[in-house]
Amino acid sequence: MSIEAIASSVSEADVLYMEEALALGRRGLGRSAPNPSVGALLVKNGVVVGKGRTQPGGRPHAETDALAEAGESARGATLYVTLEPCSHFGVTPPCAAAIIAAGVARVVCALEDPDPRVSGRGYRMLRDAGIEVVHGVLEAEARRANLGHILRTLENRPMVTLKLAMTQDGYAGKAHGTTSPAQRLKITGPEADEEVHRMRASHDAIMIGVGTAIADDPLLTVRLPGMETIKPLRIVLDSHLRLPLDSRLVRTAVDHPTLVFTRADAPAEAIDRLRAASVAVETVESVDAAETSLDLSAALHCAAGLGLTRVFSEGGPRVADALIGLGVADDIILLTSDRTLGGAQEQGADIPGLSSSARALITQSGRYHLTETRMLGKDRLTHYERIL
């Protein structure tokens with residue numbers, strides 16, 4: 001949103017401070033679930049006197065974090081916050097009440113909270129106390145940053161980022177059965193791999209299908225210096241519980257939380273074996289009893305019920321096609337290598353990264369817009385966002 005398009009009561013400084021508050025909030029993505037990752041900034045006489053963001057696990061909230069840092073300096077200050085302050089009593093008292101008690105004079109907010117327990121009530125509570133309230137500043141940016149919270153509230157599903165790596169000629173891997181996990185096709189280079197680890201860290205969970213789990217035997221952990229304590233939930237979609245007990249995912253489940261989604265009619269013995277190995281198992285009903293695959297929509301609804309707001313899908317082409325076809329791939333990250341698979345087109349046996357129908361939905365359906373293209377070493381990152 002341009003400065004000219006926002007209310008006349010909003011200054012250029014308001015926009016700049018809101019940009020800083022949004023940057024603060026983004027730093028907590030992947031660590032604040034089930035709450036949104038909010039950023040807050042207290043400014044008095046042109047000086048930042050307090051900063052806060054939603055802390056790991058969702059509390060304390062950003063506003064109370066900023067108020068605690070500001071102390072008495074909060075009196076008469078302006079609060080910049082990326083989401084409407086809560087107005088209801090939950091685990092903690094409402095942030096709106098804390099703002100009033102601190103003597104804040106003005107609140108500038110980016111986005112109204114869609115949670116029906118808040119949704120405009122926070123603004124009214126502040127205004128009734130005589131505080132000036134301005135909202136809608138950088139609203140589009142805040143909506144994108146809080147998309148996981150919005151979708152969990154309104155659609156009972158988490159926000160999904162789909163990542164898919166492909167060769168220059170459009171392949172995601174060798175034909176099944178032609179390689180072992182130790183020989184799996186390495187598509188991207190170290191710069192792209194590092195970026196993937198950063199993206200993992202900004203999500204609550206990393207999701208793959210059981211086919212990828214068997215073919216690649218991945219760890220799905222964040223392996224960057226300084227991020228050792230960040231452990232997103234690892235999710236495997238496994239309708240028939242084929243995940244091997246000797247896989248790295250199962251063997252490391254004691255230290256890295258791991259969840260398998262399976263069908264409600266899955267064998268109880270197989271469920272018990274996984275749970276005994278510290279793997280959580282959730283069953284989801286299928287809309288069609290004759291269908292052998294997992295109901296992906298039901299799995300995402302279950303994930304939302306568990307408090308997840310942001311899921312990073314690293315599954316293969318089958319999961320990618322399903323997410324795109326269902327219209328639930330909110331961000332799409334395509335990593336394209338400079339290498340080719342070699343001979344695949346003639347053989348016709350290897351695995352395309354995206355089906356023609358999925359490509360059409362991304363580029364021709366009007367559902368997505370291209371937001372970024374950049375190089376990561378020799379690999380190209382292409383980022384599409386679903387149009388909201």
Determine whether D379 and L335 satisfy the following criterion, side-chain contact (heavy atoms from CB on, under 4.5 Å), listing intermediate values before the conclusion. CA-CA 7 Å; D379 305 313; L335 296 172; 5.5 Å; no
Where do F261 and L296 land on the side-chain contact (heavy atoms from CB on, under 4.5 Å) test, with the steps shown first? CA-CA 9 Å; F261 280 124; L296 186 53; over 6 Å; no
Please assess H149 against D115 for the test side chain to side chain donor-acceptor pair (under 3.5 Å), listing each intermediate value before the final yes or no. CA-CA 9 Å; H149 170 64; D115 188 329; 5.3 Å; no
Intermediate values then yes/no, side-chain contact (heavy atoms from CB on, under 4.5 Å), T64 and C95: CA-CA 7 Å; T64 53; C95 288; 4.2 Å; yes
Check against side-chain contact (heavy atoms from CB on, under 4.5 Å), V104 and L67: CA-CA 9 Å; V104 171; L67 289 168; 4.0 Å; yes
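Counting heavy atoms from C-beta outward, T309 and M159 have side chains that stay 4.5 Å or more apart. A 4.5 Å side-chain heavy-atom check between V118 and P94 finds every atom pair outside the cut-off. Under the 4.5 Å side-chain criterion, counting only non-hydrogen atoms from C-beta, R234 is in contact with T252. Within the 4.5 Å cutoff, side-chain heavy atoms of L111 are placed close to those of I150. Using a 4.5 Å heavy-atom threshold, the side chains of I214 and P244 count as touching. The side-chain heavy atoms of E282 and L259, taken from C-beta on, include a pair separated by under 4.5 Å. Contact of the V196 side chain with the T188 side chain is not registered, since no non-hydrogen atoms from C-beta on lie closer than 4.5 Å. Looking only at side-chain heavy atoms (C-beta outward), V319 and I208 stay at 4.5 Å or farther from each other.
In the hydrophobic clustering of this structure, M207 groups with L326; members are Ile, Leu, Val, Met, Phe, Trp, Tyr whose side-chain heavy atoms approach within less than 4.5 Å, directly or through other members. Transitive grouping of hydrophobic side chains (ILVMFWY, heavy atoms separated by less than 4.5 Å) brings M18 and V43 into a common cluster. Under the 4.5 Å side-chain heavy-atom criterion for Ile, Leu, Val, Met, Phe, Trp and Tyr, V15 and Y80 are members of the same hydrophobic cluster. At a threshold of 4.5 Å between side-chain heavy atoms, the hydrophobic network of Ile, Leu, Val, Met, Phe, Trp and Tyr places L274 and I271 in one connected group. L138 and L41 fall within a single hydrophobic cluster, where Ile, Leu, Val, Met, Phe, Trp and Tyr side chains are chained together by heavy-atom contacts under 4.5 Å.
A donor-acceptor pair under 3.5 Å is formed between the side chain of E228 and the backbone N or O of G226. Put simply, the side chain of E84 gets close to the backbone of G122: a donor and an acceptor are under 3.5 Å apart. Side chain of K44 to backbone of R75: a donor-acceptor contact under 3.5 angstrom is found. H383 places no side-chain N or O within 3.5 Å of a backbone atom of T371 that could act as its donor or acceptor partner. S37 places a side-chain N or O within 3.5 Å of a backbone atom of G25 that can act as its donor or acceptor partner. Under a 3.5 Å cut-off, the side chain of S239 and the backbone N or O of T262 do not form any donor-acceptor pair. A donor-acceptor pair under 3.5 Å links the side-chain atoms of R152 to the main chain of A304, judged by distance alone. Judged by distance alone, the side chain of Q55 and the main-chain N or O of R53 form a donor-acceptor pair under 3.5 Å. Remark: side-chain polar atoms of S337 are paired, donor with acceptor, to backbone N or O of R339 under 3.5 angstrom. Using a distance-only test at 3.5 Å, with no hydrogens or angles considered, a donor-acceptor pair links the side chain of T212 to the main chain of G316.
A distance of 9.5 Å separates CG of D331 from CG of L162, quoted to the nearest 0.5 Å. One distance of note links CE of M375 with OG1 of T336; it measures 9.0 Å at 0.5 Å rounding. Note that CD1 of I324 and CD1 of I362 are 4.0 Å apart. Values are rounded to the nearest 0.5 Å. For the atom pair I99 CD1 and E63 CD, the distance stands at 5.0 Å (nearest 0.5 Å). The line from CG of L126 to CD1 of I131 is 5.0 Å long, rounded to the nearest 0.5 Å. Rounding to the nearest 0.5 angstrom, the gap separating the CG atom in L83 from the NE2 atom in H61 is 10.0 Å.
Heavy atoms only, all atoms of each residue included: L164 and P317 are closest at CD1-N, 4.3 Å. Closest approach of L388 and L147 over heavy atoms only: CD2-CD1, 4.0 Å. The shortest non-hydrogen separation linking S278 to A253 is O-CB, 3.8 Å. Minimum interatomic distance between D321 and S355 (heavy atoms only, all atoms of both residues): OD2-OG, 2.7 Å. Heavy atoms only, all atoms of each residue included: C302 and V284 are closest at CB-CG1, 4.1 Å. When all heavy atoms of S87 and R117 are compared, the closest pair comes out as OG-O, 3.5 Å.
The aromatic rings of H135 and Y123 sit parallel to each other, their planes meeting at less than 30°, with 60° as the upper class boundary.
Between D193 and K186 a salt bridge is recorded (basic side-chain N to carboxylate O distance below 4.0 Å). With respect to the salt-bridge test (charged N to carboxylate O, under 4.0 angstrom), the residues D255 and K231 do not qualify. Electrostatic pairing of R273 and E269 does not count as a salt bridge here, judged by no charged N lying under 4.0 Å from a carboxylate O. Salt-bridge annotation for R106 and D14: present, with a side-chain N of the basic residue lying under 4.0 Å from a carboxylate O of the acidic one. Between D330 and R310 no salt bridge is recorded (no basic side-chain N to carboxylate O distance below 4.0 Å).
Under the side-chain contact (heavy atoms from CB on, under 4.5 Å) rule, D204 has a single partner from V311, L306, L308, which is L308. Applying the salt bridge (Lys or Arg N to Asp or Glu O under 4.0 Å) test between E195 and each of R380, R374, K163, R200 identifies R374 as the sole match.
With a 6.0 Å radius and a threshold of 12 heavy atoms from other residues, nucleotides or ligands, R27 has its CZ atom at or below the threshold. Surrounding CG of D128 are more than 12 heavy atoms belonging to other residues, nucleotides or ligands, all under 6.0 Å away.
Side-chain contact check for T54 and N35: no donor-acceptor pair (N or O, by modelled atom type) lies under 3.5 Å.
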